[in-house]
Amino acid sequence: MNPMRPKILATIRKIPRGGVSTYGAVARAAGYPGGARRVASVLRGSRDLPWHRVLGAGGEIKLTGDAAFEQRFRLQSEGVSFRGRRVDMSQHEYRFGKTKPSFRKRVSR
DNA sequence: ACTGTGACACTGG
DNA sequence: ACCAGTGCCACAG
């Protein structure tokens, strides 16, 4: 039906405990460059996912209010360290094996 | 078909 | 560091 959702789910599940990734990176790894918002959407509607390991670009928590606090708490409890409001990506970002190049229309540049 | 809505990303100022 | 503007695109109404 929607080939995109399962791929994104599978990708998210690859992020190991103590590791993190970003909406954009997950989208690219799933074969949908530019689909960051799709990743967020999937996270919202699915359960039993390491949802707290997905962050905004630069390691920023994009949730708001209590949810944001919970995400930070969960991450810290599995050993992820922060630098101010963001996760220290250089130390915790999980790298997916570069797969599916897939195209993306070049934006005016 | 059209419009509004996002747990987004990137560039510029 | 913050904010505005723009691109993106599935989904719901």
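Below, read A as the first sequence line, B as the second, and so on, with proteins coming before strands; counting in each chain starts at 1.
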Going by atom types alone, do [X] and [Y] pair a side-chain donor with an acceptor below 3.5 Å?
| X | Y | result |
| --- | --- | --- |
| A/D88 | A/S90 | yes |
| A/E78 | A/H52 | yes |
| A/S46 | A/R5 | yes |

Residue A/M4, side-chain atoms from C-beta onward, closest of C/dA10, B/dA7, B/dA9: C/dA10
Residue whose nearest DNA chain C nucleotide is more 5′ - A/R37 or A/S41: A/R37
5'-most by nearest nucleotide on DNA chain C - A/N2 or A/R86: A/R86
Backbone N/O of A/K62 and side chain of A/Q71: donor-acceptor pair under 3.5 Å: no
Which whole-number value in Å describes the distance from [X] [atom1] to [N] [atom2]?
| X | N | atom1 | atom2 | value |
| --- | --- | --- | --- | --- |
| A/R38 | C/dA12 | CZ | P | 12 Å |
| A/W51 | B/dC8 | CH2 | P | 14 Å |
| A/I15 | B/dA7 | CD1 | P | 18 Å |
| A/R5 | B/dA7 | CZ | P | 15 Å |
| A/K62 | B/dT5 | NZ | C1' | 16 Å |
| A/I8 | B/dG6 | CD1 | C1' | 14 Å |
| A/R44 | B/dC8 | CZ | P | 10 Å |
| A/I12 | B/dA7 | CD1 | C1' | 11 Å |

Watson-Crick or G-U wobble partner of C/dC11, both distances under 3.5 Å: B/dG4
